[in-house]
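Structure first, then comments.
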Amino acid sequence: MDISIIIPCRNLENYITPLLSSFQLLNLDSIQAEFIFVLDDCADKTKDIIEAKMQGLNFIIIEDCVHSCGLARNRGIEQAQGDYIWLVDGDDWIIYYNILVDCLPVMRQDNLNII
């Protein structure tokens, strides 16, 4: 696995769709990516939206009740199998769809741990 993308979520049904749509547009032709959604005590339809919008991508949903964005990220990191980890907030979205294709080779070539 090249990269694990970890997204902590807490009641984001009104905010997460732009992020999920941008994930669908990422150039992943040569990238093995996994998307790890950590639902932190979600009481809305966030899970249903993720399941509907992430079709065709490698994703998992972890349901937890830690009441902390940082702890939810840590829970995702524990499950991550990628060489690299990308932490993304659930109310953000990606505008540069070649980001992984452009950054991962440089990170490997220069033996970078963080970018």
Side-chain angles (χ1 to χ4, degrees):
M1 188 67 58
D2 295 312
I3 191 160
S4 298
I5 302 167
I6 299 170
I7 311 96
C9 303
R10 182 143 195 241
N11 298 331
L12 292 175
E13 71 180 345
N14 295 322
Y15 307 100
I16 198 165
T17 298
L19 175 64
L20 302 177
S21 297
S22 69
F23 284 162
Q24 288 290 343
L25 297 172
L26 279 175
N27 180 354
L28 298 174
D29 291 341
S30 60
I31 307 293
Q32 290 184 345
E34 66 177 350
F35 299 85
I36 302 173
F37 295 89
V38 183
L39 277 59
D40 185 9
D41 197 24
C42 279
D44 65 0
K45 297 184 188 293
T46 300
K47 181 178 179 181
D48 296 335
I49 295 168
I50 293 168
E51 290 175 339
K53 297 280 187 181
M54 291 297 290
Q55 295 297 318
L57 295 176
N58 180 20
F59 74 97
I60 62 170
I61 295 174
I62 300 168
E63 295 186 66
D64 212 333
C65 189
V66 293
H67 295 256
S68 164
C69 189
L71 293 176
R73 285 187 182 112
N74 289 344
R75 182 77 168 90
I77 290 169
E78 290 170 1
Q79 298 296 314
Q81 296 184 24
D83 295 335
Y84 296 98
I85 292 173
W86 186 7
L87 303 173
V88 178
D89 290 334
D91 61 350
D92 292 339
W93 62 89
I94 313 305
I95 60 171
Y96 181 59
Y97 303 125
N98 287 322
I99 187 75
L100 296 174
V101 173
D102 289 349
C103 284
L104 284 174
V106 173
M107 292 177 72
R108 285 193 177 104
Q109 174 186 333
D110 293 343
N111 199 29
L112 301 177
N113 293 322
I114 190 168
I115 189 168

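Only a predicted model underlies this, so the values are computations on that prediction, with no experimental measurement involved.
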Check: In terms of hydrophobic clustering (I, L, V, M, F, W, Y; side-chain heavy atoms under 4.5 Å; direct or indirect links), are V101 and F35 co-clustered?
Finding: yes
Next item on the list: Classify the angle between the aromatic ring planes of F37 and F59 as parallel (below 30°), tilted (30 to 60°) or perpendicular (above 60°).
Entry: perpendicular
Next item on the list: For S4 and G82, work out which heavy atoms get closest and say how close.
Entry: OG-N, 2.8 Å
Checklist line | Minimum heavy-atom distance between L112 and Y84, given as atom pair plus value | finding: O-CE2, 3.4 Å
Notebook entry, point to check: Any link between I36 and L26 through a network of hydrophobic side chains (Ile, Leu, Val, Met, Phe, Trp, Tyr) touching at under 4.5 Å?
Noted result: no
Margin query: Side-chain heavy atoms nearer than 4.5 Å, only ILVMFWY residues, links allowed to pass through others: does that put Y96 and W86 together?
Written below: yes
Note to self: Could you measure the distance from the CG atom of L25 to the CD1 atom of I94? Nearest 0.5 Å is fine.
What the structure shows: 10.5 Å
Notebook entry, point to check: Do L100 and M107 have side-chain heavy atoms sitting under 4.5 Å apart?
Noted result: no
Notebook entry, point to check: Is there a path from I5 to L71 through hydrophobic residues (I, L, V, M, F, W, Y) whose side chains come within less than 4.5 Å of each other?
Noted result: no
Next item on the list: Check step by step if side-chain contact (heavy atoms from CB on, under 4.5 Å) holds for D89 and R73.
Entry: CA-CA 10 Å; D89 290 334; R73 285 187 182 112; 2.5 Å; yes
Note to self: Can you confirm whether M1 sits close enough to N58 that some side-chain heavy atom of one is under 4.5 Å from a side-chain heavy atom of the other?
What the structure shows: yes
Notebook entry, point to check: Just how far is it from atom OG of S68 to atom CZ of R10, taken to the nearest 0.5 Å?
Noted result: 10.0 Å
Item checked: Q81 atom CD, neighbour heavy-atom count above 12 within 6.0 Å -> no
Check: Which pair of non-hydrogen atoms, one from A33 and one from L28, has the smallest distance, and what is that distance?
Finding: CB-CD2, 4.1 Å
Next item on the list: Taking all non-hydrogen atoms of both residues into account, name the closest pair between K53 and T17 and its distance.
Entry: CE-CG2, 3.9 Å
Next item on the list: Using atom types as modelled and distance alone, determine if a side-chain donor or acceptor of E34 lies under 3.5 Å from a backbone N or O of I60.
Entry: no
Checklist line | Residue pair I50 / L39, side-chain heavy-atom distance below 4.5 Å | finding: yes
Item checked: Derivation of the side-chain contact (heavy atoms from CB on, under 4.5 Å) call for M54 and I61 -> CA-CA 11 Å; M54 291 297 290; I61 295 174; over 6 Å; no
Check: Side chain of D40, backbone of A72: donor and acceptor closer than 3.5 Å?
Finding: no
Check: Between D41 and V66, is there a donor-acceptor pair closer than 3.5 Å when you use the side chain of the first and the backbone of the second?
Finding: no
Margin query: Between L57 and Q24, is there a side-chain heavy-atom distance shorter than 4.5 Å?
Written below: yes
Note to self: Could you check whether any side-chain N or O of D44 sits under 3.5 Å from a backbone N or O of T46, counting only pairs where one atom can act as donor and the other as acceptor?
What the structure shows: yes
Check: Could you give the distance from CG (N14) to CG (D91), rounded to the nearest 0.5 Å?
Finding: 11.5 Å
Checklist line | From CD1 (I62) to SG (C9), nearest 0.5 Å | finding: 10.5 Å
Checklist line | Spacing of K47 atom NZ and E13 atom CD [to the nearest 0.5 Å] | finding: 14.5 Å
Checklist line | Under 3.5 Å donor-acceptor, N11 side chain and A43 backbone | finding: yes
Next item on the list: Examine distances only and state if a side-chain atom of D2 and a backbone atom of Q32 form a donor-acceptor pair shorter than 3.5 Å.
Entry: yes
Checklist line | Sole residue of I31, D83, I99 in side-chain contact (heavy atoms from CB on, under 4.5 Å) with L104 | finding: I31
Margin query: Could you measure the distance from the CD1 atom of I16 to the OG atom of S21? Nearest 0.5 Å is fine.
Written below: 10.5 Å
Check: Take atom CH2 in W93; do more than 12 heavy atoms of anything else shown fall under 6.0 Å from it?
Finding: no
Check: Is the backbone of L19 close enough, under 3.5 Å, to the side chain of S22 for a donor and an acceptor to pair up by distance?
Finding: yes
Notebook entry, point to check: Cluster question for you: counting only ILVMFWY and a side-chain heavy-atom cut-off of under 4.5 Å, with indirect links fine, are F23 and L12 together?
Noted result: yes
